[in-house]
2 protein chains.
Amino acid sequence: MPLAKPVRVAAQALNDGVPDARERILAAARRSFATVGFDGAATRQIAAEAGVAQSLLLYHFGSKDALWRAVMDQLFEGLASRMAEAARASQGGNVRQRLLAAIGAFIALCAENADIHRIMTIEGRQASPRLTWLVERHLRANHAYATGLIQEGQASGLIRPGDPTLLYYSFIAIAGTAFSLAPEIALVSQSPKVVDPVAIEALIAALLFLEG
Amino acid sequence: MPLAKPVRVAAQALNDGVPDARERILAAARRSFATVGFDGAATRQIAAEAGVAQSLLLYHFGSKDALWRAVMDQLFEGLASRMAEAARASQGGNVRQRLLAAIGAFIALCAENADIHRIMTIEGRQASPRLTWLVERHLRANHAYATGLIQEGQASGLIRPGDPTLLYYSFIAIAGTAFSLAPEIALVSQSPKVVDPVAIEALIAALLFLEG
DNA sequence: CGCTATCTTGATCAATCGATCAGTCCCTGT
DNA sequence: ACAGGGACTGATCGATTGATCAAGATAGCG
């Protein structure tokens with residue numbers, strides 16, 4: 001296992017548009033874990049999608065479990081930077097503005113790539129060492145931050161009263177489901193329509209806020 | 001493959017509380033498909049949960065794919081009977097009463113067993129022969145019925161305007177997600193709380209209806 | 001009793017699984 | 001020029017996958 005990423009890798013990633021093997025493996029693994037789950041994903045299929053040998057994937061990450069954790073760390077790092085940017089852009093604003101900024105940032109993230117929502121809705125449905133790891137490493141902090149924001153909104157009479165955790169998961173459900181199930185929606189509605197993030201935001205506002 | 005179910009099976013299922021092997025296989029398969037997905041499910045694990053040999057599962061259903069389709073037929077048969085009962089109980093009522101009856105029936109179904117929501121949110125995220133089969137055999141009719149009901153509500157000014165398909169999937173998202181992710185919610189909130197169907201119904205009402 | 005149809009099991013198949021290891025390629029520093 | 005080391009591949013391991021098949025178990029019917 002390499003301890004430090006060599007400089008050559010970053011240089012190569014900048015020179016041509018093709019990211020280096022490690023990043024390609026991470027991207028392919030994210031897609032596989034998101035669509036067929038951890039147990040359904042095959043390391044050989046991931047390696048083939050990344051265009052590398054199967055053994056390289058274990059060379060870089062050590063095991064399938066460790067690869068999965070690396071994917072989750074990358075996903076939640078992207079989420080954290082998005083949410084931090086939204087918080088920074090709306091700092092100084094009132095509760096409603098800060099809430100809307102956070103909501104919009106999460107919707108935009110799911111609209112660009114719903115894989116984080118897909119993986120979470122797979123891993124969250126049964127207790128497992130992976131779920132425990134996820135909760136302690138990433139979910140607990142996000143849940144605490146979000147429910148804190150929700151309770152702030154409830155205290156100022158902005159947000160509908162009720163269990164903040166249920167509001168939090170209902171928000172995530174609306175924000176992510178339509179993007180996660182895009183293939184099914186396209187097939188059922190018999191049109192390759194793309195889900196409109198603005199429409200999603202309006203639905204979430206109706207769900208959370210007391211007054212339109 | 002047996003063409004007709006022998007009488008002895010039903011009699012045995014009524015005599016003692018233990019359902020016959022075929023039903024136990026279906027139940028175990030439903031749980032496996034719902035938690036780890038089709039690719040992640042192992043026929044030997046399903047057979048072990050049902051307390052039978054692995055070969056018996058292929059004797060009754062022919063293949064893993066056919067077993068999956070049998071599970072889906074059973075799930076959607078249960079859904080259809082629930083929705084039909086709700087429609088019958090609310091027939092003659094106004095649009096709002098019929099909508100609330102349908103919403104409440106679906107929430108109750110997810111609260112009792114979220115496996116149908118879990119399986120759908122796995123299969124709907126990527127095009128596959130299974131998804132095509134699902135859409136043509138079950139989903140298209142349900143989608144048409146639900147969006148028809150929604151458009152009826154929109155025409156009478158009851159339901160929020162907007163794409164009926166998006167409203168439909170947002171409704172399903174709220175109705176099912178909290179139950180599907182019960183293990184994660186329990187872990188994150190550090191309390192073995194059960195999700196309250198009444199609270200879910202209130203959130204859906206806020207999402208769909210224009211006036212409380 | 002014996003015959004037949006259905007249900008059920010255990011052995012076994014080729015294919016694929018995650019993982020290990022020896023060895024090759026190529027860049028870097030001296 | 002030449003070692004040294006990280007990146008990468010191909011072969012291979014035992015275990016597990018879905019599937020097939022022959023044989024046994026059980027009940028109903030004559």
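Taking the ring centre of B:F76 as origin, the terminal cationic atom of B:R137 falls outside the region bounded by 6.0 Å and 45° from the ring axis.
The side chain of B:A42 lies closest to D:dT17 when the candidates are D:dT17, C:dT9, C:dT8.
Using a 3.5 Å distance cut-off with no hydrogens or angles, the side chains of B:R125 and A:T121 do pair a donor with an acceptor. A donor-acceptor contact closer than 3.5 angstrom links the side chains of B:E23 and B:Q74. Of the N and O atoms on the side chains of A:Q54 and A:Q45, not one donor lies less than 3.5 Å from an acceptor on the other residue.
If you take CZ of A:F61 and C1' of C:dG18, they are 16 Å apart, rounded to a whole angstrom. Rounded to whole angstrom, the span from the CD1 atom of B:I25 across to the C1' atom of D:dG18 amounts to 15 Å. Spacing between atom CH2 of A:W68 and atom P of C:dA19 amounts to 15 Å, rounded to whole angstrom units. Taking atom CG of B:L57 as the reference point, atom C1' of C:dG10 lies 15 Å away to the nearest angstrom. Rounded to an integer number of Å, the gap from CZ of A:F38 to C1' of C:dC17 is 12 Å. One atom, CG of B:L58, and another, P of D:dT17, lie 13 Å apart when rounded to the nearest Å. Following rounding to the nearest Å, B:H60 (NE2) and C:dT9 (C1') show an atom-to-atom distance of 12 Å. Protein atom NZ of A:K64 is 8 Å distant from nucleotide atom P of C:dA19, rounded to whole Å.
The pair B:E77-B:R82 does not count as a salt bridge, with every side-chain nitrogen at least 4.0 angstrom from each carboxylate oxygen.
Two rings, from B:Y168 and B:H143, have their centers less than 6.0 Å apart.
Side-chain nitrogen and oxygen atoms of A:Y59 include none within less than 4.0 Å of the OP1 or OP2 phosphate oxygen of D:dC8.
A donor-acceptor pair is defined here as one N or O able to donate and one able to accept, closer than 3.5 Å; no such pair exists between the side chain of A:R30 and the backbone of A:D115.
B:A41 comes within 4.0 angstrom of sugar-phosphate atoms only, judged by non-hydrogen atoms across all strands, and of no base.
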Between the protein and nucleotides 10-14 of chain D, which nitrogen or oxygen pairs are less than 3.5 angstrom apart?
{"unit_1": "D:dG10", "atom_1": "O6", "unit_2": "A:S55", "atom_2": "OG", "d": "2.9"}
{"unit_1": "D:dT12", "atom_1": "O4", "unit_2": "A:R44", "atom_2": "NH2", "d": "3.4"}

